[in-house]
Structure formats: structure tokens, C-alpha cells
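Computed from a predicted structure; not experimentally measured. Heavy atoms only: backbone and side chains are in, while hydrogens, waters and symmetry mates are out. Each chain gets a letter, A, B and so on, in the order the sequences are listed, and its residues count up from 1.
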Number of protein chains: 2
Amino acid sequence: MSNNPPTDRAPDSDRSASSAAFSPLYQQIKGLLLQSLDRGEWKPGEAIPSELELAARFQVSQGTVRKAIDELAAENLLLRRQGKGTFVATHHEAKVRFRFLRLTPDDGKPPISGSRILECRRVKAPADIAALLDLRTADMVVNLRRILSFDQTPTILDDIWLPGAVFRGLTADSLARYRGPLYALFESEFGVSMVRAEEKIRAVSATQDQADALEIALASPLLQVERVSYTYGDRPMEVRRGLYVTDRFHYKNSLN
Amino acid sequence: MSNNPPTDRAPDSDRSASSAAFSPLYQQIKGLLLQSLDRGEWKPGEAIPSELELAARFQVSQGTVRKAIDELAAENLLLRRQGKGTFVATHHEAKVRFRFLRLTPDDGKPPISGSRILECRRVKAPADIAALLDLRTADMVVNLRRILSFDQTPTILDDIWLPGAVFRGLTADSLARYRGPLYALFESEFGVSMVRAEEKIRAVSATQDQADALEIALASPLLQVERVSYTYGDRPMEVRRGLYVTDRFHYKNSLN
DNA sequence: CAGTGGTCTAGACCACGTG
DNA sequence: ACGTGGTCTAGACCACTGC
């Protein structure tokens, strides 16, 4: 079947909205699924239509839809569950909470965690943050600072920056009442699904302020983790600078 | 086609050597391919037989072989090249050198690297190393210490432990003459292909010895990276404790 | 039981690399 | 021109889930 020319076969089908022409069919389908996810047609935690339905909608075979879904599942945007359907990934659910947190107790025991908000303010974006978030320095950002404790011990000092235009109504108050991962809150309250993140890690010495906040000695070694998180269209939506105390925890990573 | 019962269909084919029964056909094929890789039937850098040949050998369809190869390619054990064939991954080749090294210059410029061996001795395995390498403490290990420099600046202090039985004939001399990644040397000289690694990362303060070796101040913050590397069959083959200077470099990681 | 994703097959054609 | 992997299809059957 000759089908690489842009939009052939069923010109008036759902597929005519496509953008990526001259690429494999399943990639085009993947793009369309991504658009639907981004647009919020299917919400996090919900099931998407079955493979046969999607195949009918896009006028392709089930196998082609399957390959598109396979890739999205491999990227953790979708979750397949045999016999039940394919679901939009979510940061709610015990299984994938802390999906982005690689800090792990040295003994395997899962710790009891708690969060304390130190600050929540709206300011003009500093130049470096603006650059990372694709904003102008005139734009407003939300700046959050918090301490995460594990087993009662302060362990992570986070400095978080979010685009103000998207995160309207995010206040210290609403945060104080909330239990659970921030990313889950972003999802349900602001419709922002974090899908991917990049981290840059260094070793640094604790300043006086940091040492006080984390209840450790001045100049203690800390793991500095700068994270930029992205939503669907690879749009940066969060900058997070974390300082980790790594005497009873370590950052775990797998290399392939 | 009823085929989950162990070894049906072609009892005297290559597949009768299988181990994993009651699993999908393509998983069994994957297992057989892994055995061949482990056994050294195809060497790193070489092409494996074409999909059709393998399909004939295992008495399954090309699609089933394809799915097995897909998974091995996703795990970076194999490398597909359209029009040419499927190749066994290797640590030679500029493209994948430093496949396991996540330390990256802050400005993107690729640095000039150099290695200096500080020590190479054979000793009885310390208890912690023995545990990580699945050895007994009576077994011998090779202990290597070296400095990696980037752009003339000492940046990584490595302390490496290898099972002595496998790495016979590894001496300071042979290392001094060698240029290139250690993993490539392991591959060509000792037939050991590193396929996967796990890292535990912490921030520490430089001791006097470490500071001297890295030409930094006492108690400077360092990134401590403990890596265990595995060959085929998930057999641990190396423990590497690295100390990274992270003022002009950072450890880069992607989260999905 | 019906509906979902998971496996397996067979065959067609395309795109790429090499001779 | 040929052989390789890459895409796409159509259809069969299996395994799991939930009614």
C-alpha cells in the first residue's frame, strides 16, 4: 500500500489533522495519539479507546496502532493492562509515585516521608530560570521551597520554579493542605502531566542556610540535583534544584 | 498453534536446548540468542545471521525472531542497521565509547581525555567486593587504581575491582600500553562484554589522599559513584568506585 | 461470556547499503 | 540486482479481566 505521501488513503478521516508527513504510518499515529493526550481528550488514569477502535478511527490496521502504542508505553506515557485496556499514565497510584525520585534508602526499607513548605511566592523570572522554562524575564514564575523528610530526618531541600501563567492559584495554603507527590497535584489541579525529566548532578558543600534547613553541619557534602521536567510536547514546565543528604540514602541509577 | 508446552513442534531443532519453557515463543528465542551471545558464537562487532536465517534455524516465523531481536536491541545488546544486518554491540566504536560514563562537560565541548594507572595488583577479595562480585573472600581479584584527566585536569579517581580468575594476565604493563576505554579492552582481551550497570551515587568530602591525587583542596565535595557492571546472564564482573570532580563537569541523567 | 491486550503467522512492499 | 532490516496488513488463537 503506497502511503508515505502526506495524508492519503482516507483524506477526510481523523488522520487528515496530521502534521508529520513522510514518516512511517505508525509514527504519524503516535503523533496523533500524543496530540489527543496533550489536548486532554483522555485524562491521566483513564483508558484510551481499544486498539481496534483506534484502528477504525485512523483507518489503519490494528498492528499499526499497536506499534504506536508500544512506543508510547515504552516511554511511560501509556500503560497497558492485559484484559483491561490501555491507560494514560498518572503520577497518582502508589506504584509510580516518586517515579522521578531516584534517592533510595541504603537498606531497602521504604521510609516514611513528610513535606514542609518553607516558602511559596510569585516573582519575575530570574534570567537562568526563564531560559530553562522558555519564558521571558518579564514573565511571572512561582517559586516554591520545601523540605522533604524521610523517617523524621530532613533529607531534601527543594527549590522549585514553575511558570506563573500555568500555575495560577497555587498558594502556600493549598499546598499545606495537600498530601502526596507534587506531580500528582500538578496533574489534577493544573492539567500538567510531567512526562520526562533531565537531571544534572554535582557534589557541593552546604552553605550556612542550607545546613540550618537540613540540620547538618556547615560545609557537609550534598548532592545537588538540577532537574528540568517536561510535559507532552517536550515543553519545559518545571525547574527543580534539589539538595540531597546522602549519608543514609543514595541516588540510584541504571545504565544500559 | 499450540506451543507453550516445553519444546514442541521441532523437537530436534536448535530450540530443544531451550531452558525457559512456558513463556512466549519470542522470549524463548531471545533466551537462545542470549546463550549464543554469551557462548561467543557471534563476537562483538560482528553481524548475527539474518532474521530469515534465524527464523529457519529456530523453526519460527520471521516476525517472532524480529520481536526477540527488538528486545535485545532495546537493551543495547544488539544493534540494527538497515540494509546491512544486525550486529553484536561493542564498546569499540567512537559512537558508544563512554557508553557508561555520564560525566559531561558543562559547556558541551568534548574534552581531551587521558588515563594514568596508579596501581595494578592482585589481592584476596575484600569482603564487600567479594559479595558484590559473587566471589568468596579466598578468591583473588585484580585491583586497579587510575586517574582520568579531561583537558589536562585530573577529574576522576577510579578504584576498580575485577575477578582474578577471568582477568588473568592483566598487568600494569599491558594497561600502560593500551589506549581507549577499559571496557573495549575487556572485550577484546578477556572476552568479557559489559552489558548493563547499576550505580549508587553520593556526595562525599575528599580525604587528604584523594585531594592529592585529584589536585584539589582537602575536603572538597566529590561525587562518589559506585558502579557494578554485568555481562550476559546478569553476572557481575566489575566493581568500580569513582570519585568525580564536578566543578566543570556534571553527571547527566534522563528520567522517563 | 464478551472484550481487552498478547502472541504468532504469512506475505506484501519499501528503504537502504553494497556490489 | 540483490539481500538486509523496516513497515503494514489480515487473520487466528491465547490469556486475562470483569460481568
query = Counting only distance, no hydrogens or angles, is the base of D/dG6 paired donor-acceptor with the side chain of B/Arg66 under 3.5 Å?
reply =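 When only heavy-atom distances are counted, B/Arg66 does reach the base of D/dG6 through a donor-acceptor pair under 3.5 Å.
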Starting at atom [atom1] of [X], determine the distance to atom [atom2] of [N], rounded to an integer number of angstrom.
X       : N      : atom1 : atom2 : result
B/Gln82 : C/dC14 : CD    : P     : 14 Å
A/Glu51 : D/dG11 : CD    : P     : 17 Å
B/Arg81 : C/dG17 : CZ    : C1'   : 11 Å
B/Gln59 : C/dC8  : CD    : P     : 15 Å
A/Leu78 : C/dT4  : CG    : P     : 16 Å
A/Glu53 : C/dT4  : CD    : P     : 6 Å
B/Lys84 : D/dG3  : NZ    : C1'   : 13 Å
B/Lys30 : C/dC8  : NZ    : P     : 13 Å

I want to check one thing: is the phosphate of [N], taken as OP1 and OP2, less than 4.0 Å away from some side-chain N or O of [X]?
X       : N     : value
B/Ser50 : D/dT4 : yes
B/Thr86 : D/dG5 : yes
B/Arg80 : D/dG6 : yes

Stepwise ring-ring contact (aromatic ring centres under 6.0 Å, His included) test for A/Phe100 and A/Tyr183 = CA-CA 9 Å; A/Phe100 287 169; A/Tyr183 291 134; 5.6 Å; yes
inquiry  = Quick one: does any side-chain atom of B/Ser113 pair with a main-chain N or O of B/Pro111 as donor and acceptor, under 3.5 Å?
reply    =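 Checking the backbone N and O of B/Pro111 against the side chain of B/Ser113, no donor-acceptor pair under 3.5 Å is found.
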task = Taking A/His91 for its side chain and A/Met194 for its backbone only, find out whether a donor-acceptor pair lies under 3.5 Å.
result =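 Yes; judged by distance alone, with no hydrogens or angles, the pair exists.
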Flag for A/Tyr26-A/Asp70: side-chain donor and acceptor within less than 3.5 Å =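 No donor-acceptor contact under 3.5 Å links the two side chains.
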query = Considering heavy-atom distances to DNA chain D, does A/Val65 or A/Gly83 have its closest nucleotide positioned more toward the 5' end?
reply = A/Val65
ask   = Nearest of D/dG18, C/dT9, D/dT7 to any side-chain atom of B/Leu25?
value = C/dT9
message = Students often mix this up, so state it plainly: with edges at 30° and 60°, are the rings of A/Phe249 and A/Phe150 parallel, tilted or perpendicular?
response = tilted
